[in-house]
Amino acid sequence: MIIPSVLVLPYPAQGHVNPMMNFSQNLVEHGCKVYFVNTDFNHKRVVSSMVEQKERLDESLLKLVSIPDGLRPEDDRRDFNKLSDAILISMPSMLQKLIEEIHLNGEDRIICIVADLNMGWALNVGNKLGIKGAAFWPASAAIFAFHCNIPTLIDKGIIVSDGLPITKNTFRISPTIPMMDTGSVPWKAIAGSIIFKKLIKVSTEIVEITNLTEWWLCNTTFELEHEVLSFVPKLLPVGPLLRSYDNKSVNARSIGQFWEEDLSCMDWLDQQPRHSVLYVAFGSFNLLDQNQFKELALGLDLTNRPFLWVVRQDSNCTNNITYPNEFIGRKGKIVSWAPQQKVLSHPAIACFVSHCGWNSTMEGLSNGVPFLCWPYFCDQFFNKKYICVELKVGLGFDSDENRFVSRWEIKTKVDRLVSDEKIRSRSLKLKENVMSTAEGSMSSENFNRFVKWLKD
């Protein structure tokens, strides 16, 4: 039996690598071979984070490979403007070279490229080489629909060409899609900037790129976003794409992380009462300046509850943040990176203080964990509204005119959320009825259809 070889290419950011790595592992489990392509910079970080990993990666089925992103080692990969320019200049030719080398070696022949839509140019590379393609959208279906309808939003006078909303009104893309408001547009933090102009260009290209393939895959579920998916029927849910820990050992780590997971937090969680711990994690990008970091620390103390707080300390941090002298932290544990899926599935977790990135949203919902929402970039503002208003499984923090959240606001919202049994009940109901990947679910059926297509 011939094993189909698939090349998977994520956008070079942790929030994009995670779902596509989970998707790749699912492909391997269903009889495919995957070449997972990171940038050289991220590939080194992934390999470094796996140094202490006890399970050995079976590279006969999942091969971690890389190509240059076009930037120098010392360049800031969080500079979206610079990174996007470098990617488009260097990576298409490097990807083609990689594929040709794989074919020349004679061991495998790539039959399909699964490309993050933010790296949609890869489908053009595949088309040039006669390779089939599939588009992968790592965010919500609603945000996909939003991006595809930017020209319509401009024509209707909801936003202007620089992305800024004209009014503060709510609006709908379609009668079947949940109401949005202009304060939750995905590019709220970057509207009017050079970065936004590039984002508009990417959004326009997304529509063109999807025409290169019949497969539009999305990390969501039909039950969670059935109205949007009915509006965009070509977008197929294959989520939630969560990490699989087949090895039940406490030392089992996930693949694809840029930083090594600190598993000591799992032993610590085992010692905490059920539904008692605040899990605080804001993803792979920085969120807090020194003043806000200090206020959060003091707010956690003020809650008088156990907390698990992810605070990254690495060369990518722009702020040399320090803990306030008054911070006691005796009830908490602080780690530099956590096995988030494991943490959120632990019975000790009471709530998730989150930036509301889509991966974190899917992980929290899949584990029935209520949210305290603190968005700061891109689709996170819409995700917050969806969590709090549509799903009613979380609360948002109120801030002042400088977007500063006080320690008292933190304590107030924590107390309110943890004591709200209706929110917890709705969270658990969502976990059971909306986030299933069991055989027979639409996500499972879509994935199986895709695998069958690869093997035909």
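Atoms considered below: every heavy atom in the structure, side chains included; atoms not considered: hydrogens, waters and symmetry mates.
With a 4.5 Å cut-off on side-chain heavy atoms, Leu391 and Arg426 do not count as touching. Looking at Val389 and Lys385, their side chains come closer than 4.5 Å, going by heavy atoms from C-beta outward. Side chains of Val280 and Val310 form no contact here, defined as non-hydrogen atoms less than 4.5 Å apart. With contacts defined as side-chain heavy-atom distances shorter than 4.5 Å, the pair Glu225/Tyr386 qualifies. Under the 4.5 Å side-chain criterion, counting only non-hydrogen atoms from C-beta, Val34 is not in contact with Leu61.
The distance from atom OG of Ser360 to atom CD of Gln380, rounded to the nearest 0.5 Å, is 8.5 Å.
Every pair passing salt bridge (Lys or Arg N to Asp or Glu O under 4.0 Å) that includes a residue from residues 344-371 is listed here, sequence neighbours excluded: Arg243-Glu363.
Taking the six-membered ring for Trp and thresholds of 30 and 60 degrees, Trp453 and Trp215 have ring planes inclined between 30 and 60 degrees apart.
Although no hydrogens or angles enter the test, the distance criterion places a donor-acceptor pair under 3.5 Å between the side chain of Asn105 and the main chain of Glu101. Judged purely by atom type and a 3.5 angstrom limit, His103 uses its side chain to pair as donor or acceptor with the backbone of Ile110. Arg424 contributes a side-chain N or O that, together with a main-chain N or O of Ala350, makes up a donor-acceptor pair within less than 3.5 Å. When atom types are taken as modelled, the side chain of Asp116 and the backbone of Tyr11 share a donor-acceptor pair closer than 3.5 angstrom.
Applying the salt bridge (charged side-chain N to carboxylate O under 4.0 Å, His left out) criterion to Asp456, with sequence neighbours excluded, gives Lys452. Remark: Phe293 engages Trp309, Tyr323 in a ring-ring contact (aromatic ring centres under 6.0 Å, His included) (not counting sequence neighbours). With sequence neighbours excluded, the residues forming a salt bridge (charged side-chain N to carboxylate O under 4.0 Å, His left out) with Glu74 are Arg72, listed by chain and number.
Side-chain polar atoms of Lys333 and Ser264 form a donor-acceptor pair below 3.5 angstrom. A donor-acceptor pair shorter than 3.5 Å cannot be found between the side chains of Glu261 and Ser49. The closest side-chain donor-acceptor pair between Ser66 and Asn38, if any, does not fall under 3.5 angstrom. Judged by distance alone, the side chains of Asn81 and Asp79 never bring a donor and an acceptor atom under 3.5 Å apart. With 3.5 Å as the limit, one finds a donor-acceptor pair spanning the side chains of Gln257 and Trp337.
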Hey, can you pull the donor-acceptor pairs under 3.5 Å for the side chains in residues 121-129, sequence neighbours left out?
{"from": "Lys128", "atom 1": "NZ", "to": "Gln96", "atom 2": "OE1", "distance (Å)": "3.2"}

For a quick test of your reading: what N or O donor-acceptor pairs under 3.5 Å do the side chains of residues 131-145 make, sequence neighbours left out?
{"from": "Trp137", "atom 1": "NE1", "to": "Ser140", "atom 2": "O", "distance (Å)": "2.8"}
{"from": "Ser140", "atom 1": "OG", "to": "Ile143", "atom 2": "N", "distance (Å)": "3.1"}

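The shortest heavy-atom contact between Asn18 and Gly256 is OD1-O, 4.3 Å. Taking every heavy atom of both residues into account, Leu308 and Val277 meet most closely at N-CG1, 3.8 Å. Contact between Phe41 and Pro73 at its shortest, heavy atoms only, is CE1-O, 3.9 Å. Residues Gly357 and Asn383 approach most closely at C-ND2, 4.0 Å, considering heavy atoms. Nearest heavy atoms, Leu365 versus Leu430: CD2-CD1, 4.0 Å.
When Pro12, Pro10, Pro92 are each tested for a side chain to side chain contact (heavy atoms under 4.5 Å, CB included) with Met119, only one passes: Pro12. A side chain to side chain contact (heavy atoms under 4.5 Å, CB included) with Pro19 is found for one member of Leu242, Asn219, Leu217, Val238 and no other, namely Asn219.
The pair Asp69-Arg77 meets the salt-bridge criterion, with a side-chain N (NZ, NE, NH1 or NH2) lying under 4.0 Å from an Asp/Glu carboxylate O. The pair Lys82-Asp76 does not meet the salt-bridge criterion, since no charged nitrogen lies less than 4.0 angstrom from a carboxylate oxygen.
Aromatic ring centres of Phe23 and Phe447 lie closer together than 6.0 Å. Under the 6.0 Å cut-off for aromatic ring centres, Phe377 and His355 do not qualify, their centroids lying 6.0 Å or more apart.
More than 12 heavy atoms of other residues, nucleotides or ligands sit less than 6.0 Å from atom NZ of Lys234.
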